[in-house]
Every structure is written in C-alpha cells, then in structure tokens.
Amino acid sequence: MVNSNRIVGIIKPEAAPIKRMVQNAKDTGIAIDATCGRKTKAVIVTDSGHLVLSALLPETIANRVNTKESMDSASSLEE
C-alpha cells in the first residue's frame, strides 16, 4: 500500500526516459517492485523520490486514489 498523500505522480513506463528513471531507481535501491512478477503497467512517484512499480493501470490507481480522497472529504464534512 502507498500513502496517497505521498504520491507525486502516476506514469506509464513505456517511454525511454521513464525506463531510465526506473533502472536508476533499481540500481540505487529506491525502487519498490509491487508487480508480483507481472508486467509493470504504472510507475508511482512519491515525494521521497521512491518509485513504486505496479501491475495496475495508471487510470485504475488514479481512480482508487480519487475515490478515497472523495470519501475522506465527505466524512470530514459530516463531522
């Protein structure tokens, strides 16, 4: 799990600059592989500089983050 407050961006890994960024993160030990052996479909960039590799599509992750934030703001309005 990733704290949604720490997410800076969610990007697709196909572009060459992103592939280089992922390789550099793996080399320096700041990449977290959460794919469980599946193909990487999204790279989550955190505010600490860590990269989280995910097998979920970026759109799916963004929808889940946005849904959680909507639920959080709705519950804070009720209080």
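All heavy atoms count here, side chains included; hydrogens, waters and symmetry mates do not.
- The two atoms that bring Ser48 and Arg6 nearest to each other are CB-NH2, 3.6 Å, heavy atoms only.
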Side chain to side chain contact (heavy atoms under 4.5 Å, CB included) assessment of Ile11 paired with Met21: CA-CA 12 Å; Ile11 50 182; Met21 191 168 66; 3.7 Å; yes

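- Leu53 and Val45 fall within the same hydrophobic cluster, defined by Ile, Leu, Val, Met, Phe, Trp and Tyr side-chain heavy atoms under 4.5 Å apart, directly or through other members.
- Using modelled atom types and a 3.5 Å distance limit, the side chains of Gln23 and Asp27 yield a donor-acceptor pair.
- Residues Arg38 and Ala55 approach most closely at NE-CB, 3.5 Å, considering heavy atoms.
- Closest of all the heavy-atom pairs between Pro13 and Ala42 is CD-N, 4.0 Å.
- Under the 4.5 Å side-chain heavy-atom criterion for Ile, Leu, Val, Met, Phe, Trp and Tyr, Ile32 and Leu51 are members of distinct hydrophobic clusters.
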May I have the step-by-step check of side chain to side chain contact (heavy atoms under 4.5 Å, CB included) for Glu59 and Lys12, ending in yes or no? CA-CA 10 Å; Glu59 295 82 8; Lys12 293 182 179 181; 3.7 Å; yes

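- Interatomic distance, Thr35 OG1 to Leu56 CG, rounded to the nearest 0.5 Å: 10.5 Å.
- Here the side chain of Arg64 pairs no donor or acceptor atom with the backbone of Ile61 at under 3.5 angstrom.
- Once rounded to the nearest 0.5 Å, the distance linking CG of Asn5 with CG of Asp47 reads 9.0 Å.
- Partner of Val43 under the side chain to side chain contact (heavy atoms under 4.5 Å, CB included) criterion, out of Ile10, Ile18, Val52: Ile18 alone.
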